[in-house]
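These notes are about the structure you will find just below.
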Number of protein chains: 4
Amino acid sequence: MTTTSTPPSQSKSASTRRQVSSASARDALIAAAIGEFAAKGFAGARVDEIAGVAGVNKQLVYHYFENKQGLYLVALESVYAQIREKEKALSLDAMGPLEAMSELVGFSFDYLAEHPEFISLLTDENRNRGRYILASDRLKTMHSPFIEMLEATLSRGVEAGVFRAEYDAVNLYISMAGVSYFFFSNNHTLSAIFGRSLDAPSALLQRRRHVIAFVLNALRP
Amino acid sequence: MTTTSTPPSQSKSASTRRQVSSASARDALIAAAIGEFAAKGFAGARVDEIAGVAGVNKQLVYHYFENKQGLYLVALESVYAQIREKEKALSLDAMGPLEAMSELVGFSFDYLAEHPEFISLLTDENRNRGRYILASDRLKTMHSPFIEMLEATLSRGVEAGVFRAEYDAVNLYISMAGVSYFFFSNNHTLSAIFGRSLDAPSALLQRRRHVIAFVLNALRP
Amino acid sequence: MTTTSTPPSQSKSASTRRQVSSASARDALIAAAIGEFAAKGFAGARVDEIAGVAGVNKQLVYHYFENKQGLYLVALESVYAQIREKEKALSLDAMGPLEAMSELVGFSFDYLAEHPEFISLLTDENRNRGRYILASDRLKTMHSPFIEMLEATLSRGVEAGVFRAEYDAVNLYISMAGVSYFFFSNNHTLSAIFGRSLDAPSALLQRRRHVIAFVLNALRP
Amino acid sequence: MTTTSTPPSQSKSASTRRQVSSASARDALIAAAIGEFAAKGFAGARVDEIAGVAGVNKQLVYHYFENKQGLYLVALESVYAQIREKEKALSLDAMGPLEAMSELVGFSFDYLAEHPEFISLLTDENRNRGRYILASDRLKTMHSPFIEMLEATLSRGVEAGVFRAEYDAVNLYISMAGVSYFFFSNNHTLSAIFGRSLDAPSALLQRRRHVIAFVLNALRP
DNA sequence: CATGAATGAGTCTTCATTCAT
DNA sequence: TATGAATGAAGACTCATTCAT
């Protein structure tokens, strides 16, 4: 299942079918919402369009999510939940610090490459000054294991003498994420300014190699 | 000067006043538009609001810019023109490569710190898939001197043996800009996730130091 | 320069040029107005468009004609004046009643064929319930010689025994005009309904022959 | 039924009321639209006014007809549908050719006399150069039985030796319709020019007699 | 649960007209 | 005279949301 929100438990027998249908209708709405909000932002997205893409009646938006904002919040929670899920799958324990760090940088890059909707929704949320992320208890408790993995890898590397000691994990995280994120989030304006197609597969591969080298070089003692 | 090229004020009494008044209505609209579009995006911005903030009649938007999109385009051109203007003021010739690179990284950081509207407009433009930047001849010809300065500084440093030779200038630019840009563009969500106020002055200063160190470290041979 | 392009002030002596230019500006406005009002009706016509087509400043409309309605009235008077002028050129005295009547019918047809704007303006004026024609003293005193010519021709023919005596001139006029007018005024819907191109030159010629024959046949004793 | 196809009334209590209510909102809009468009033309008509007259919310115009043009098209189809309906009720088979022709001419006159909105909408549509009638499949397939009745009556009369053989049915139709149509469509300007009240009941009756006589006289061998 | 109808508060845009020079 | 700037009133159209069944 792509979303996390568990529907409220119902015990009526006949409602089984309804639950199935409900769950899929609800999920379809969330999936459609992620696409619409990512493509057009909160203000530009249309409830009608979301319902249409999901193939359900518009009223269900209000039934499940109260209003457009409620749907937006759930969509945001959903994309965060997805990345958290993927992050948990990372297992760095068997790797040395250099390899582990390389894995972390690569993961950051790859996830953004494959999930443009994550970038778009984050972007919109930042224009809202983080209104929803701050209002959502679920989001606040949805701790990322990534920063802890990064911290642990950094420590291991410092101790092993392969990483500089001067960086704190949060700043390192922001730099590591930033070199990938900015490439994707501003791909169109960068392409226009430099007159290069930065969304071409070859440009992507080249960029991926660059960001790993760049971060690891910066970490050298 | 904040808006598009306006003729310098002249001292002829009669005609000047008219020109000034005309220019100021137009300029006031552009300034207000930058603020509105930055705060709410294209879809969320309200023509009424822009005119109200500018203190002029709403219909002047249509008189001067044809429609909301026209105003948006001019606002976008305006913020690009501003940064290009500042970039031209950079003079690195008297500096050694290390100092010059440090200056470039610091400039990137400082400009974004002082111009959140630049970030917001770029962000929105990227959600539009760069539609306006591609459509604007003015924007396409508004070449940035920055990338050439970076290229020159990089070459100087490589020749002097203080920089690695492996980076190409565009990728280096994106990394250098990204470590600052991402910090500002995603400040709210990062603050929420890390439970830190990354917009506090001290966090800003600390980040500034980090990005300069990070980039220069990555450049070491 | 982005602001108002100040026109080079010309202080050439002769007001002659201005007067000449005035007269032609006024005429140009009337000509453009006839075209616009004919093409789009009073409500659909745009003052800006009229001024643009005439190549003069919009303000002149208000200077010469007070407002849009004033211009419309003058345009209407103008097309009436034109047809009155043409009607005066008809000289039937040397013809027999049959030939004269044929001439009158042919004239009605030809004038409408050549002056679609006359039809369009009359049409719009009728939708206004004749508001302007009733309000205009000029139009009310712009007597048509046509109806008197028709009356005289009819009398001559009745006396000569070649026309029936039963028709009164006004009804005859309306019938004679109607068989041509309806063909032109409703040419598009008639073409669509009958699936024929009634605006083709051959259809026009055929129609012309028909209306003359039809009216003369109806007049036979 | 006056408006476009409405679902046949059913007798289930609940659903019927809804359908009726739905249908009536739609029908009320069409009826109001016919009046407004006839009175002021497409450009002059106001959506607000139409909704107000219909007593429904303005936005239902967009709900049912997409936009102003869509409503205009349906209004046009509606008036065409009305006349087609009436035409079908004509039964000429039991009459001789003279009586039948007289019936056809009288019908043309009477329908226009009773349906000024039909004239007005046709007029506006012709100013549009038949744009809507050409775009509407419904209108193109809404064949008129009138022209076939006229053709049959003409043939019968020619064979019986009471009508001239020279007229083709389309030209005859245009002449027959034109002598009535022009009288009504241009009633106001004609009244003004001739200084007669051509919309008085007596003038109407007199005109009716004239057009029948005129057409039948023209048809005599 | 599901659905189309309905609505009110906007939202961009137009346009005739006036102002200032 | 002539012109661009400016304006108020209104117009078409949108959209999140609610109602009724």
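Numbers restart at 1 for each chain; the letters A, B, ... are given by sequence-line order, proteins then strands. This one's a predicted model, so the numbers in the text were calculated from it and none came from an experiment.
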For DNA chain E, what are the stems built from at least three Watson-Crick or G-U pairs in a row, each pair having both distances below 3.5 Å? E:2-21 with F:2-21
Partner set under side chain to side chain contact (heavy atoms under 4.5 Å, CB included) for B:Ser120, not counting sequence neighbours: B:Ala38
So, under a plain 3.5 Å distance rule, would you say the side chain of A:Lys58 forms a donor-acceptor pair with the base of E:dT3? no
First of C:Tyr62 and D:Asn57 reached from the 5' end of DNA chain E, by closest nucleotide: D:Asn57
Name all residues meeting the salt bridge (Lys or Arg N to Asp or Glu O under 4.0 Å) criterion together with C:Glu36; count only those two or more places apart in sequence or in a different chain, and write none if there are none. C:Lys40
Answer with yes or no whether B:Gln59 presents, from its side chain, a donor or acceptor under 3.5 Å of a partner atom in the base of F:dG8. yes
Listed by chain and number, what are the side-chain hydrogen bond (donor to acceptor under 3.5 Å, both in side chains) partners of C:Asn57, not counting sequence neighbours? none
Who passes salt bridge (Lys or Arg N to Asp or Glu O under 4.0 Å) against D:Lys68, sequence neighbours left out? none
With sequence neighbours left out, the residues meeting side chain to side chain contact (heavy atoms under 4.5 Å, CB included) with A:Asn67 are A:Tyr62, A:Gln69
What residues 30-46 of chain C contributes to the DNA chain E interface at heavy-atom separation below 4.0 Å is C:Ala45, C:Arg46
Sequence neighbours excluded, the answer for salt bridge (Lys or Arg N to Asp or Glu O under 4.0 Å) partners of C:Glu77 is C:Arg138
Identify, with sequence neighbours excluded, every residue that meets ring pair (Phe, Tyr, Trp, His ring centres under 6.0 Å) alongside A:Tyr72. A:Phe37, A:Phe42, A:Tyr132
